[in-house]
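All residue numbers refer to positions in the sequence shown, counting from 1. FYI, side chains are in, hydrogens and waters are out, and symmetry mates aren't considered; it's all heavy atoms of this structure.
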Amino acid sequence: SSAAAALLAAAAAFTPRESTHCLRWRRSAAPSALRAEGKYGEPSPDDPLLCRVAGEGDLANTCAADAHAAIGEGSQHLAVGTVVAGARCAPVALGRGSGAEASAEVVAEVAVIDPECDVWWREVTADVIPPIPELTLPLGRDVEGHLLSLCRTFGDRPDVDGGRRIVGTLVLEGPDFGQCFFTRDDGSQARLNGGTFHILQARAAEPLCEDSATLARELADGLDRRIGEFLSAEDRATIERVAGSPFETLRESVLSLGSCMLKQVLSPTRFVPHALNAQGLQLLRALLAERMADARVRARGLDRHPDFESWRRDGFVLKDFDEVGDEGLHKLLQMASGEHEVAIPLPPYAWTSRNVTVMAERDPQNDMHIDTFASIVKVWIFDESVTLDHGPFEYAPGSHRETEPRLRWMHHYALPPAKEAMVEPSFRLLGSESAAAAAKDFVEDCLNRSRPVLPLRGVRRTLVIADTSGLHRRSQGVVGRVRRSWRLAGDNDGGLRRLDPYRWPAAVGAARPLEEL
């Protein structure tokens, strides 16, 4: 029906959640101290407190387009500041130096966390953006309409931020996407691109969802049709073996859920906590998503691409970018996504430089992990200089396919109470002791087969396209070495935008008829 279709269409976009009400701007109130996560999150007396120079409601205006406020290729700093001596508000556009403090305005409004929300600084390591994390708190728009938020430097590098935490403006959309702009104490402007800073995040209390019997029937109908069309008898038997529960019991239980829970089941949400995970709900979602992805590729004839077999087998492809060019990349993106047009950017392609320095501290990206349960596509170009010393991208070939050992690992990871999955829904290979113990063969196989994805020999620019639902990580290199790479510019989830994994195949162009599927 139109209602169910609208819900599934809405799930196709991966966008920050609506949470602008989580940070309130109040007069004559004590500003909230925001907690921070990660290695650089230890509280300090010098931690900046937020104030607003200008704005309406829950949002902040942008500053006037003067030399201090202008950032990047056309954005402006938010009209937000930090509280300085004398209860004054120093705009982030001016920084926190003595000159900025002298010209600061008397504080009119300070940031106070709404009691129904959690607001904090999230640590973002190098080259994590794109995508923009879904809990990022948008606070305003620039004159072009692009969403803006706040970022904060780690305060650990004198050459970057003078060794003190500085609040800046994070651009969420447009040509300056993913960059943190800030002003040093000496008044000079700086930026960080794609990570190595904190971003402002918020989690609002979940709004009460009212179940609709009509919508529940429509969603259950759609799910049942998908199960009947795309899951074979062997698929159902596999789920039974892994979960130790009859598939028909799982099917009937899932189809009897209310509309609120069915909307989550039929969404790209990485993990849906529910008692039915004991019967194999996570397995059903993962295997159905894979079978529907395979069907979309066949329906559109994209399995005839010469690189399809290696892509399907390994989960990644390497190409000489100077040889394939933009047109070749466009065809590869179509093949990898199973789409001719939807969410496929058109050439010519713009790239943004992403140079990652190997740090002494362990990065969360060094842990072997999957990004989510369903296929997603990420893209890099690696410079010919990248070696093992530079901490290259690493991948376990074939680990993206829903084999029985992988499903066993995923099932035990998802078993209630699933504490590890609740904390980090991008499952870590060794993140759950019970999952690692239950699927020793899968864990050992991934560790044994995982290999660095190094540039092709003699190739100036190596294009890497990977399905990061497979096990991957950033390998550890030699401290201080810089890995030179480029990413597709823009808010694209690191390659292609994530879509609804349960969208129906459709016969398009030269594709084979659906009756043949």
*asked:* Taking the six-membered ring for Trp, are His198 and Phe154 closer than 6.0 Å centroid to centroid?
replied: yes
*Please name the pair of heavy atoms, one in Tyr413 and one in Gly431, separated by the smallest distance, quoted to 0.1 Å.*
OH-CA, 3.4 Å
*When rounded to the nearest 0.5 angstrom, what is the spacing between CD in Gln201 and OG1 in Thr136?*
5.0 Å
*Arg226 to Tyr502 six-membered ring, cation-pi geometry met (6.0 Å, 45°)*: no
*Going by atom types only, do Thr269 and Ser267 share a side-chain donor-acceptor pair under 3.5 Å?*
yes
*Does a donor on one side chain sit under 3.5 Å from an acceptor on the other, for Thr238 and Asp235?*
no
*Can you list the steps and then say if Ser432 with Ser434 is a side-chain hydrogen bond (donor to acceptor under 3.5 Å, both in side chains)?*
CA-CA 5 Å; Ser432 163; Ser434 59; 3.1 Å; yes
*Under 3.5 Å, side chain of Ser149 to main-chain N/O of Pro138, donor-acceptor pair present?*
no
*Selection residues 409-438 - residue pairs positive for salt bridge (Lys or Arg N to Asp or Glu O under 4.0 Å), sequence neighbours left out*: Arg270-Glu424
*Please identify each residue that fulfils side chain to side chain contact (heavy atoms under 4.5 Å, CB included) with Val112, with sequence neighbours left out.*
Arg26, Ala29, Ser32, Val110
*Regarding Arg225 and the six-membered ring of Trp504, is the cationic atom NZ or CZ under 6.0 Å from the ring centre and inside 45° of its axis?*
yes
_Interatomic spacing from CG in Leu415 to CD in Gln279 - rounded to 0.5 Å_ = 11.5 Å
*Sub-4.5 Å side-chain heavy-atom contact between Ile129 and Ile132*: yes
*Do Thr352 and Asn193 have a side chain donor and acceptor closer than 3.5 Å?*
yes
*Which value, rounded to the nearest 0.5 Å, describes the distance between His412 atom NE2 and Leu407 atom CG?*
11.0 Å
*asked:* Does any part of the side chain of Phe271, heavy atoms only, come nearer than 4.5 Å to the side chain of Asn277, both counted from C-beta?
replied: yes
*Residues forming a side chain to side chain donor-acceptor pair (under 3.5 Å) with Asp467, sequence neighbours excluded*: Ser375, Ser469
*Does some side-chain heavy atom of Leu148 sit less than 4.5 Å from a side-chain heavy atom of Val171?*
yes
*Applying salt bridge (charged side-chain N to carboxylate O under 4.0 Å, His left out), name anything that partners Asp156, two or more places apart in sequence or on another chain.*
none
_Distance (rounded to the nearest 0.5 Å) between His369 NE2 and Asn366 CG_ = 10.0 Å
*asked:* Quick one, Thr462 and Val386 - any side-chain contact, counting heavy atoms below 4.5 Å?
replied: no
*With Lys39, which residues qualify under salt bridge (charged side-chain N to carboxylate O under 4.0 Å, His left out), at least two apart?*
Glu361
*asked:* Does any part of the side chain of Glu37, heavy atoms only, come nearer than 4.5 Å to the side chain of Trp121, both counted from C-beta?
replied: no
_Does the plane of the ring in Tyr395 sit parallel, tilted or perpendicular to the ring in Phe393? Use 30° and 60° as the thresholds._
tilted
*How many angstroms lie between CZ in Phe177 and CG in Asn492, if you round to the nearest 0.5 Å?*
6.5 Å
*Given the rule in the side chain to side chain contact (heavy atoms under 4.5 Å, CB included) test, do Asp367 and Leu430 qualify, once you have shown the distances and angles that lead to the verdict?*
CA-CA 8 Å; Asp367 297 328; Leu430 301 175; over 6 Å; no
_Residue pairs passing the salt bridge (Lys or Arg N to Asp or Glu O under 4.0 Å) test where at least one lies in residues 390-405, sequence neighbours excluded_ = Arg241-Glu404, Glu290-Arg401, Asp294-Arg401, Glu394-Arg473, Glu402-Arg406
*asked:* Can you tell whether the side chains of Glu339 and Arg503 come within less than 4.0 Å, N to carboxylate O?
replied: yes
*Of all residues at least two apart in sequence or in a different chain, which pass the disulfide bond (SG atoms under 2.5 Å apart) check with Cys151?*
Cys180
*Can Phe382 and Leu463 be said to form a side chain to side chain contact (heavy atoms under 4.5 Å, CB included), step by step?*
CA-CA 7 Å; Phe382 288 113; Leu463 172 70; over 6 Å; no
*Is any side-chain heavy atom of Leu50 closer than 4.5 Å to a side-chain heavy atom of Leu150?*
yes
*Pairing residues for Asp389 by the side chain to side chain donor-acceptor pair (under 3.5 Å) criterion, not counting sequence neighbours*: Arg481
_side chain to side chain contact (heavy atoms under 4.5 Å, CB included), that's the test. Do Gln179 and Leu192 meet it? Break it down for me._
CA-CA 6 Å; Gln179 298 186 63; Leu192 294 169; over 6 Å; no
*Not counting sequence neighbours, which residues clear salt bridge (charged side-chain N to carboxylate O under 4.0 Å, His left out) with Asp127? List them please.*
Arg354, Arg483, Arg487
*Going by heavy atoms in the side chains, are Lys378 and Phe316 under 4.5 Å from each other?*
no
*Which residues pass the side chain to side chain donor-acceptor pair (under 3.5 Å) test with Asp307, sequence neighbours left out?*
Lys319
_Where Arg152 and Ala36 come nearest, the two heavy atoms and their spacing_ = NH2-CB, 3.4 Å
*Would you say the side-chain atoms of Arg122 pair up with the backbone N or O of Gly38, donor to acceptor, closer than 3.5 Å?*
no
*asked:* As an exercise, state the distance from CG of Leu257 to CG of Leu262, rounded to the nearest 0.5 Å.
replied: 5.0 Å
*Taking only residues two or more places apart in sequence or in another chain, which ones pass salt bridge (charged side-chain N to carboxylate O under 4.0 Å, His left out) with Asp211?*
none
*Distance-only, no hydrogens or angles: does the Arg236 side chain make a donor-acceptor pair with backbone N or O of Ile227 under 3.5 Å?*
yes
*Minimum-distance pair of heavy atoms, taken over all atoms of Leu496 and Ala343*: CD2-O, 3.6 Å
*By side chain to side chain donor-acceptor pair (under 3.5 Å) - contacts of Arg165 (at least two apart)*: Asp47
_Atom of Ile199, atom of Phe197 and distance for their closest heavy-atom approach_ = CG2-CE1, 3.4 Å
*Just wondering, more than 12 heavy atoms not from Glu248 lying within 6.0 Å of its CD?*
yes
*Should Leu219 and Leu215 count as side-chain neighbours, where that means a heavy-atom distance under 4.5 Å?*
yes
*Which atom names give the shortest non-hydrogen contact between Leu281 and Leu250, and what distance separates them?*
N-CD1, 3.9 Å
_side chain to side chain contact (heavy atoms under 4.5 Å, CB included), that's the test. Do Thr196 and Tyr40 meet it? Break it down for me._
CA-CA 10 Å; Thr196 65; Tyr40 306 102; over 6 Å; no
*Can you name the nearest heavy-atom pair linking Ala286 to Met410, along with the distance?*
CB-SD, 3.7 Å
